[in-house]
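Everything below concerns the one structure shown next.
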Amino acid sequence: MAASRGRPLLGSRATEMLLVVLFLLGSSSCCSAAAAGEGVLRQVVAGRSVGGDGGGNFFEPFNVTYDHRAVLIGGKRRMLVSAGLHYPRATPEMWPRLIAKCKEGGADVIETYVFWNGHEPAKGQYYFEERFDLVKFAKLVAAEGLFLFLRIGPYACAEWNFGGFPVWLRDIPGIEFRTDNEPFKAEMQTLVTKVVTLMKEEKLYSWQGGPIILQQIENEYGNIQGNFGQAGKRYMLWAAQMAIGLDTGIPWVMCRQTDAPEEIIDTCNAFYCDGFKPNSYNKPTIWTEDWDGWYADWGGALPHRPAEDSAFAVARFYQRGGSLQNYYMYFGGTNFARTAGGPLQITSYDYDAPIDEYGILRQPKWGHLKDLHAAIKLCEPALIAVDGSPQYIKLGSMQEAHVYSTGEVHTNGSMAGNAQICSAFLANIDEQKYASVWIFGKSYSLPPWSVSILPDCENVAFNTARIGAQTSVFTVESGSPSRSSRHKPSTFSLTAGGPYLSSTWWTSKETIGTWGGNNFAVQGILEHLNVTKDISDYLWYTTRVNISDADVAFWSSKGILPSLTIDKVRDVARVFVNGKLAGSQVGHWVSLKQSIQLVEGINELTLLSEIVGLQNYGAFLEKDGAGFRGQVKLTGLSDGDIDLTNSLWTYQVGLKGEFSMIYAPEKQGCAAWRHMQNDTVQPFTWYKTMFNAPKGADPVAIDLGSMGKGQAWVNGHLIGRYWSLVAPKSGCSSSCYYPGAYSESKCQSNCGMPTQNWYHIPREWLQESDNLLVLFEETGGDPSQISLEAHYAKTVCSRISENYYPPLSAWSHLSSGRASVNTATPEVHLQCDDGHVISEITFASYGTPSGGCLNFSKGNCHASSTLDLVIEACVGNNKCAISVSNDVFGDPCRGVLKDLAVEAKCSPPSVIKEPRDEM
């Protein structure tokens, strides 16, 4: 229970709410927001208008049901791959490209949560526009011919602020979240009904010709249900029946809910779900969250999940009876504005996903998983044909095969010439050793911790540990050093030049403590959210303390200073004495003890409580609160401590510049800006500059690594919080050994560096020139070192052996449904981002090259024609494919297994370079 909730001093929380209302009504004219609506995208696909009203269907109407084996689409079993993509974590302009890249990567389904606090920011006031235009998003999914898995919740978790709950919800009298509580159930039902009704009105369910095939009620409730006893069980059953009663005509799921009722499919969320089975034989095996990466917290390292292990987990899932798997996330995106969850989650939600935060393909993960999906689709006729269990063959102590076929298969003999549909998965779960296994009359070599997929029970189409996809190196890598740390000037200078954003900056000082007529004073410490309603991260608490000459003499004689102590604070607390910052504390309900310098007479003591994302996971979220708990004391005085807890405190919500909207282009007159001088870098200061956008259409990243902590706006858009909090120096390694069970701490990077330096500015928020950047800086920094980069893959490379598998494009299905492969040589595939071409080949060798991307070198065996042939095939093109064969390059060393290694630069089409002389 929050310490100040229901404090007798105020009589009720309603009094605190009234104070906030009075505060909001008292806002100055400079704080009024100018409404700005985005243009509505209209794109007619199959007779349906994507952006508004329109007749026709995206699909021929179809029913969605399920049996024990799979989801049935139009009465047919399907093996489905789903891509997690949260619509508010990208701009609407990004959605079509992102959805198309999901489809290109092999996804059948797009999955998203529904974000309650985005759609109902005030009780009864709904918002489905701009980044929260769920209808437009759903129609764009359908326009690509993909299905939609809508996880309504409406609790999302998702590392999203307050788990998706609107903060006003906690102010409803008598409410308790996610239990058998009538006020909560009423609001939840209202929101879920609103979303379902909207989807029906827009004809977005499958039986209406729309894309929605699955939906979810609640979210990972089984993790916390035990906290509520029998009331939790009753609530879960109520939620299930409420959802079913909405008559959506498609299945509902509950994830991590082992006691889900028979009418609801219980599903798995984990790094691995190959051992999961639903609680009834009548339900298919569904993996709602395949954690292909992990999120990051301020001050932590960056997690990475190897592509080989991610592919291994997915292959094992389908091998052992899975039917639908969803990547959480396939595109993570950005926690724009103040949407990041808590405690202390960063603005980037990159998640090490196959598509990075900016919408660029992360290679080799995206390409490796694309190949996996193609291999699984080749097996789909066999996978859906088996009604019971597949044939299981023990191949060794840690090796096994699962064979899916339309009939009994004699696994000791060759499958050549066999007309029946047959696919096999061969697994080696040994973490250290290669294994050679015998099946189908031949030997197969399996790397450690890998699965080989044989769509025809004879030829290997894919192995999870052997990557054939290219590697891409970005201009801005996730976790790459700040430019300011790589080129640190010896002294602060405003003549930045070079790569830096601007040498002309203006500043405006933020007022410490009370700044407007809308402050109020009460006795006692109020709970942060009860006052702010989360309209700002910031809440000022100010009181006055009278210090006697005896106290000053006592401190002087003892050589000590008094201290301010607070029992518990979250997430950031700052202490000011007479307008000057004395110190800070960071943490989640941690104690604060700060030495302070007081003078004789009246001293103004100001506390600043800062939120860095509201708690998004766990039971009793409504009771977590924010701000300060327990006693606030002044210690070390001559005659004992002073308890300030029940003193008269003056409260001010937010920053003066924030509520005057001095970040907006049209509100620049609301602040007294002055040119910044070399010695004016101070805490609690607003900075602004004008800048030109990088040329081209690539996504844009801004390097704020030279700054401390604050928020950043571009042309009035809040791109998010920034913070140069440094990760521990230990816990990272230069390489990651993929075999073995993955956890978020296994493969980390960025140790000893700020968790996030680079921040996404959507290209849609920029104009060619005269862009306004406004920063609110809390701790001090050097804005002259801020820089911009266009974000794209600058280098692409690949290394493929002549004994690698034929390209997946060489496979096809015969009329019988059996998979078949044409004899084909392996290929190196290289591709630049959209709008870029291969401008230069920086390395090419067919023979025995060594090393990897950015570190290739020729071996003793090298075909001299390699470079010329690769240049001819690739330079000037967006993509190219080169066969790895003696027929192409000649045989430079007979009897030796050869590789083709290529490294290339990607550039805008105008930049084409001649080959390097030294090659």
Side-chain angles (χ1 to χ4, degrees), residues 271-272 274-275 304-320 364-365 367-369 371-372 375-376 379 391-403 411-412 414-415 423-469 471 733-742 746-747 798-808 821 825-826 828 847-853 859 861 884 895-901:
F271 289 117
Y272 305 91
D274 55 290
H304 302 278
R305 187 173 187 183
E308 299 96 326
D309 180 64
S310 193
F312 173 78
V314 175
R316 288 287 284 166
F317 176 71
Y318 289 100
Q319 175 180 5
R320 300 182 67 189
K365 183 176 274 190
H368 192 49
L369 296 175
D371 289 345
L372 167 66
I376 291 170
C379 301
Q391 285 181 249
Y392 175 80
I393 302 94
K394 188 73 171 173
L395 300 174
S397 61
M398 303 187 77
Q399 295 78 37
E400 61 187 17
H402 292 73
V403 179
T411 57
N412 291 327
S414 171
M415 290 296 295
S423 296
F425 295 75
L426 316 181
N428 177 18
I429 58 176
D430 192 305
E431 299 178 17
Q432 303 294 331
K433 299 176 182 178
Y434 276 77
S436 180
V437 300
W438 183 267
I439 191 173
F440 306 128
K442 59 193 297 187
S443 178
Y444 297 87
S445 178
L446 301 176
W449 200 254
S450 76
V451 176
S452 282
I453 300 177
L454 288 61
D456 60 355
C457 286
E458 181 181 6
N459 298 289
V460 177
F462 179 86
N463 178 274
T464 59
R466 297 189 67 189
I467 293 179
T471 294
S733 59
S734 58
S735 61
C736 177
Y737 186 61
Y738 77 86
Y742 177 78
K746 181 178 179 181
C747 296
S798 182
R799 178 179 173 180
I800 297 294
S801 172
E802 62 179 335
N803 73 348
Y804 194 71
Y805 316 118
L808 272 300
V821 61
T825 59
V828 162
T848 56
S850 61
C853 197
C861 172
V884 184
V896 175
L897 183 65
K898 289 167 282 294
D899 292 356
L900 173 61

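Starting from 1, each residue takes its place in the sequence as its number.
A donor-acceptor distance shorter than 3.5 angstrom exists from the side chain of Lys898 to the backbone of Val896, with no hydrogens or angles considered.
In this structure Gln319 satisfies the side chain to side chain contact (heavy atoms under 4.5 Å, CB included) test together with Arg316, Glu400, His402, Phe425, Ala427, Val451, sequence neighbours excluded. Take Asp899 and apply the side chain to side chain contact (heavy atoms under 4.5 Å, CB included) test, not counting sequence neighbours, and it matches Arg799, Ser801, Pro849. Every residue two or more places apart in sequence or in another chain that forms a side-chain hydrogen bond (donor to acceptor under 3.5 Å, both in side chains) with Asp274 is listed here: Arg320.
What you find for Cys457 and Val403 is that their closest heavy atoms are SG-CG1, 4.0 Å. Counting all heavy atoms, side chain and backbone alike, Ile467 lies closest to Ala307 at CD1-CB, 4.2 Å. Smallest separation of non-hydrogen atoms from Ser445 and Tyr434: OG-CD2, 4.0 Å. Asp309 approaches Gly740 most closely through the heavy-atom pair OD1-O, 3.8 Å. The two atoms that bring Glu458 and Tyr444 nearest to each other are O-OH, 2.6 Å, heavy atoms only. Residues Ser450 and Ala465 come closest through the heavy atom pair CB-CB, 3.7 Å.
Classified by interplanar angle (parallel below 30°, tilted 30° to 60°, perpendicular above 60°), the ring pair Tyr272/Phe312 is perpendicular.
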Applying side-chain contact (heavy atoms from CB on, under 4.5 Å) to Ser423 and Leu454, what does each step give before you reach the verdict?
CA-CA 6 Å; Ser423 296; Leu454 288 61; over 6 Å; no
Do Leu426 and Gln399 pass the side-chain contact (heavy atoms from CB on, under 4.5 Å) test, and can you show the C-alpha distance, the side-chain angles, and the key distance before you say yes or no?
CA-CA 7 Å; Leu426 316 181; Gln399 295 78 37; over 6 Å; no
Would Val884 and Glu802 satisfy side-chain contact (heavy atoms from CB on, under 4.5 Å), going step by step from the backbone distance to the final call?
CA-CA 5 Å; Val884 184; Glu802 62 179 335; 4.1 Å; yes
Lys433/Met398 under side-chain contact (heavy atoms from CB on, under 4.5 Å): CA gap, chis, key distance, verdict
CA-CA 10 Å; Lys433 299 176 182 178; Met398 303 187 77; over 6 Å; no
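Looking only at atom types and distance, the side chain of Asn463 has a donor-acceptor partner in the side chain of Ser452 under 3.5 Å away. With hydrogens and angles left out, the side-chain atoms of Ser443 and Ser436 include a donor and acceptor closer than 3.5 Å. When only modelled atom types and interatomic distance are considered, Trp449 and Asn428 share no side-chain donor-acceptor pair under 3.5 Å.
In this structure, Tyr738 and Lys746 have side chains that are not in contact, with every pair of non-hydrogen atoms separated by 4.5 Å or more.
For His304 and Tyr742, the ring centers are positioned 6.0 Å apart or more.
Heavy atoms of other residues, nucleotides or ligands lying less than 6.0 angstrom from NZ of Lys442 number more than 12.
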